[in-house]
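Note that these values count all heavy atoms, side chains included, but never hydrogens, waters or copies made by symmetry. First the proteins, then the strands, lettered A, B, ... as listed; each starts at 1.
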Number of protein chains: 2
Amino acid sequence: MAHTDRPATLRDVATAAGVHPATASRALNPGTRLLVSEETARRVSDAADRLGYRPNPVARSLRTRRSHTIGVLIPDLNNPLFPPMIRGIEDRLAEHGYVALIGNTDVDLAKERLVFDQMRARHVDGFVLATAIAGSPILAEAAESDVPVVLMNRTSQEYPFSSVSVDNEQGVRAAVAHLVALGHTRIGHIAGPQDASTGAARLRGFHAAMATHKLPVTDGQVVYASAYSLEEGARCGRDLLAPGGLTAVVAGNDMLAVGCYGAFDELGLNCPGDISVIGFNDMPFIDRLRPPLSSVRFPHYQLGTEAATLLIERIEAAESPVKILFLAPELVVRGSAVPLADAGEGAGAVPLRRAGRGRT
Amino acid sequence: MAHTDRPATLRDVATAAGVHPATASRALNPGTRLLVSEETARRVSDAADRLGYRPNPVARSLRTRRSHTIGVLIPDLNNPLFPPMIRGIEDRLAEHGYVALIGNTDVDLAKERLVFDQMRARHVDGFVLATAIAGSPILAEAAESDVPVVLMNRTSQEYPFSSVSVDNEQGVRAAVAHLVALGHTRIGHIAGPQDASTGAARLRGFHAAMATHKLPVTDGQVVYASAYSLEEGARCGRDLLAPGGLTAVVAGNDMLAVGCYGAFDELGLNCPGDISVIGFNDMPFIDRLRPPLSSVRFPHYQLGTEAATLLIERIEAAESPVKILFLAPELVVRGSAVPLADAGEGAGAVPLRRAGRGRT
DNA sequence: CCAGCGTTAGAGAACGTTTGCCCACGCCAC
DNA sequence: GTGGCGTGGGCAAACGTTCTCTAACGCTGG
């Protein structure tokens with residue numbers, strides 16, 4: 001309680017307890033507490049309380065070469081996909097005394113390199129990377145140096161990193177199965193960027209699912225988006241649907257699906273009357289659109305907590321095994337995909353309200 | 001280039017350049033470069049480049065007692081209001097060599113205290129607080145200790161902190177004026193929590209605007225939400241509209257406005273046919289709802305950059321004056337508010353697509 | 001009774017910077 | 001020729017921890 005102007009240091013505690021700073025350090029650190037007698041330990045921690053001692057993490061970091069800081073690289077915090085993941089990471093990290101530094105790369109390799117280097121200069125203890133793409137030089141560099149890395153949301157075929165992601169193939173299979181159950185057979189796919197594992201896996205899932213249901217997939221039934229953006233969604237929607245013939249679309253993610261809504265309007269197509277669509281990610285507020293978007297949901301927050309857990313494991317037990325973790329997705333059925341027979345009944349058949357959780 | 005296993009230290013650079021570490025330090029720091037001869041400075045920085053020297057920020061922090069880290073406290077990162085602000089903060093901070101630590105308080109005072117204390121323990125150089133409420137003990141503590149603080153989005157009457165926020169009164173005035181221009185006279189307000197400056201200022205703006213237009217405001221024409229949530233929006237919408245008589249609502253923010261959409265359905269009211277509504281914040285995707293929500297927009301990103309600028313000013317020039325900065329809002333007209341005469345024409349008259357920026 | 005061992009704690013050197021102090025040197029003015 | 005001054009740069013002490021040695025001490029066992 002007795003507070004001077006300058007915060008109490010370990011030396012202060014030591015003199016107050018009548019011991020050497022080293023002893024005070026030992027007494028205060030859980031790992032070394034058993035090196036001092038119980039009596040001394042108690043006297044030290046009493047003194048520490050009394051002085052309101054807070055260890056200086058900077059000095060500790062300098063000595064231990066551990067910053068208890070980890071770097072998180074994401075494409076863009078504004079993408080509603082990421083905030084829940086970040087919260088998951090931060091909450092789990094906090095339990096272990098770590099904090100996160102967030103870096104946005106804006107899908108720009110130069111910027112990613114810059115942020116990565118800056119974080120390394122700040123001596124982060126490890127990285128959670130949500131930006132993995134095939135052939136990324138950052139991944140190569142991270143693999144070469146032996147800084148602990150965990151991949152989140154995306155995986156890498158090229159490097160042996162632990163990762164936490166969604167079973168994307170399974171998710172798309174569920175979406176296709178749902179559409180088939182509704183009577184659709186002519187189903188298109190808007191594939192996300194193929195250099196990210198999400199885009200590639202979902203495309204694989206699409207082909208696999210169509211094969212399972214013995215449905216042919218012709219050229220033109222799959223179009224490739226160059227980015228997960230509304231604009232690309234609209235463009236791909238046009239390209240996919242302008243020829244006619246398709247009755248349903250599985251979009252690479254919600255952004256592309258919502259972009260499609262624009263294309264529907266342009267082409268004079270009614271959703272879900274003329275065309276059904278299913279997204280991926282189950283973004284917040286997606287249940288409030290007209291029509292509310294059916295989407296493949298996955299536990300964003302848990303993706304973050306699991307990634308943090310894996311990373312801490314790796315940091316604290318240097319030679320823990322590499323783990324590849326997949327979380328199961330779940331199809332959330334809303335109003336954007338309806339039975340084929342219903343075509344023509346028109347939009348608006350599905351009520352706006354409470355079509356899902358009341359998140360956010 | 002010549003890289004050993006351990007990263008180059010200042011001493012390495014010094015010996016490589018044939019000078020004392022202190023000289024190397026002076027040569028490398030912009031502020032002290034003029035203390036050494038040009039020739040020496042060049043020799044040192046050459047050596048630094050050659051060795052790939054990166055100053056150790058931890059050691060520097062220990063010596064200078066500056067962490068070049070700032071703490072940002074927000075209620076919840078999942079609230080789409082905050083990501084753009086955070087990006088603004090981070091981008092501006094990065095220009096000055098600072099990084100941000102994000103802390104979520106979940107509107108829980110105990111948690112806020114915890115996060116605040118942890119950040120202080122980590123010796124952050126300053127805070128951006130987006131969580132200010134009247135009577136907050138954190139504000140008191142921050143004011144007492146002399147850690148630099150800038151308030152963002154909300155202001156405080158009680159303490160002399162610099163702040164960056166929106167001219168909330170002006171925003172609500174614009175909303176009311178718009179409704180009045182559309183012929184509405186019986187306008188209700190769903191007020192946000194009154195312990196936050198946003199809620200209070202918007203309520204003031206509402207009363208002021210109604211007075212300007214010589215419109216009476218009776219009891220029951222204003223209801224108070226206890227939180228900016230969809231649930232509270234729905235509840236307040238019900239309470240406000242069940243008695244009947246009102247033709248338009250100005251909501252304390254978008255979340256409350258969207259919550260209202262639910263109440264409209266329950267009460268069998270058609271929006272915008274029977275009831276017009278205007279929100280505040282212009283959240284992402286709000287333009288994709290049915291009907292697309294008219295809302296008061298403000299520059300979220302700039303709120304962040306300005307807050308960061310103010311904070312850095314305060315950190316680096318200790319006695320810079322306190323600045324209270326207001327950014328101007330702007331009414332974005334979409335489909336949720338229509339002329340009174342149009343009542344009965346029904347919803348859906350407003351096209352879904354491109355009702356605003358194509359943001360994400 | 002003493003060698004040897006385990007336990008507890010002190011001494012002091014790190015960790016990699018920055019910075020106050022001082023000295024040496026060269027130059028100018030007297 | 002000497003005193004003084006300005007400039008460039010070395011020295012060493014911080015900053016607050018942790019950690020490796022080492023020493024003191026009390027026991028036990030032969």
Measure [atom1]/[X] against [atom2]/[N] and give the value in whole Å, please.
| X | N | atom1 | atom2 | value |
| --- | --- | --- | --- | --- |
| A:Arg66 | D:dC19 | CZ | P | 10 Å |
| B:Arg60 | C:dT17 | CZ | P | 8 Å |
| B:His123 | D:dC15 | NE2 | C1' | 11 Å |
| A:Leu28 | C:dA9 | CG | P | 14 Å |
| B:Leu10 | D:dA12 | CG | C1' | 15 Å |
| B:Asp12 | C:dC15 | CG | C1' | 13 Å |
| B:Arg26 | C:dT17 | CZ | C1' | 12 Å |
| B:Leu35 | D:dT7 | CG | C1' | 10 Å |

With heavy atoms under 4.0 Å as the rule, sort [X] into base, sugar-phosphate or nothing.
| X | value |
| --- | --- |
| A:Ser37 | sugar-phosphate |
| A:Val19 | sugar-phosphate |
| A:Pro55 | sugar-phosphate |
| B:Ser61 | nothing |

Any N or O donor-acceptor pair under 3.5 Å from the base of D:dG16 to the side chain of A:Arg54?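 Donor-acceptor pair under 3.5 Å: no.
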List the steps, then state whether side chain to side chain donor-acceptor pair (under 3.5 Å) holds for B:Arg154 with B:Ser197. CA-CA 5 Å; B:Arg154 303 177 178 177; B:Ser197 68; 5.9 Å; no
Quick one: is [X] getting a side-chain N or O under 4.0 Å of the [N] phosphate, OP1 or OP2?
| X | N | result |
| --- | --- | --- |
| A:Thr32 | D:dT18 | no |
| A:Ser25 | D:dT17 | no |
| B:Arg65 | D:dG16 | yes |
| B:Thr9 | C:dC15 | no |

Would you mind telling me which residue lines up with the more 5' stretch of DNA chain D, B:Ala59 or B:Ala22, judged by nearest nucleotide?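 It is B:Ala22 whose nearest nucleotide is closer to the 5' end.
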Among [options], the nucleotide that comes nearest once only the side chain of [X] is considered:
| X | options | result |
| --- | --- | --- |
| A:Asn29 | D:dG9, D:dT18, C:dG12 | D:dT18 |
| A:His20 | D:dT17, D:dA13, C:dA11 | C:dA11 |
| A:Thr64 | D:dA12, D:dT18, D:dG16 | D:dT18 |
| A:Val36 | C:dG10, C:dA9, D:dT17 | C:dA9 |
| B:Arg11 | C:dT17, C:dT8, C:dT18 | C:dT17 |
| B:Arg63 | C:dG16, C:dT8, D:dT17 | C:dG16 |

Roughly how far apart are B:His68 NE2 and B:Arg60 CZ, rounded to 0.5 Å?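 Reported value, rounded in 0.5 Å steps: 7.0 Å.
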Looking only at heavy atoms, which two atoms of A:Ile324 and A:Phe161 are closest? And how far apart?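 Smallest heavy-atom distance, with atoms named: CD1-O, 3.4 Å.
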Taking for each residue the nucleotide of DNA chain C with the nearest heavy atom, is it B:Val58 or B:Thr23 whose nucleotide lies nearer the 5' end?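 The 5'-side residue here is B:Val58.
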Does CD belonging to B:Glu38 count more than 12 external heavy atoms closer than 6.0 Å?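 Open: at most 12 neighbouring heavy atoms sit under 6.0 Å from CD of B:Glu38.
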Tell me, yes or no, whether the heavy-atom count around A:Glu39 atom CD, taken from other residues, nucleotides or ligands under 6.0 Å, exceeds 12.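 Yes.
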Taking the side chain as every heavy atom from C-beta outward, state whether B:Asp76 and B:Thr105 have any atom pair closer than 4.5 Å.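 No - every pair of side-chain heavy atoms lies 4.5 Å or more apart.
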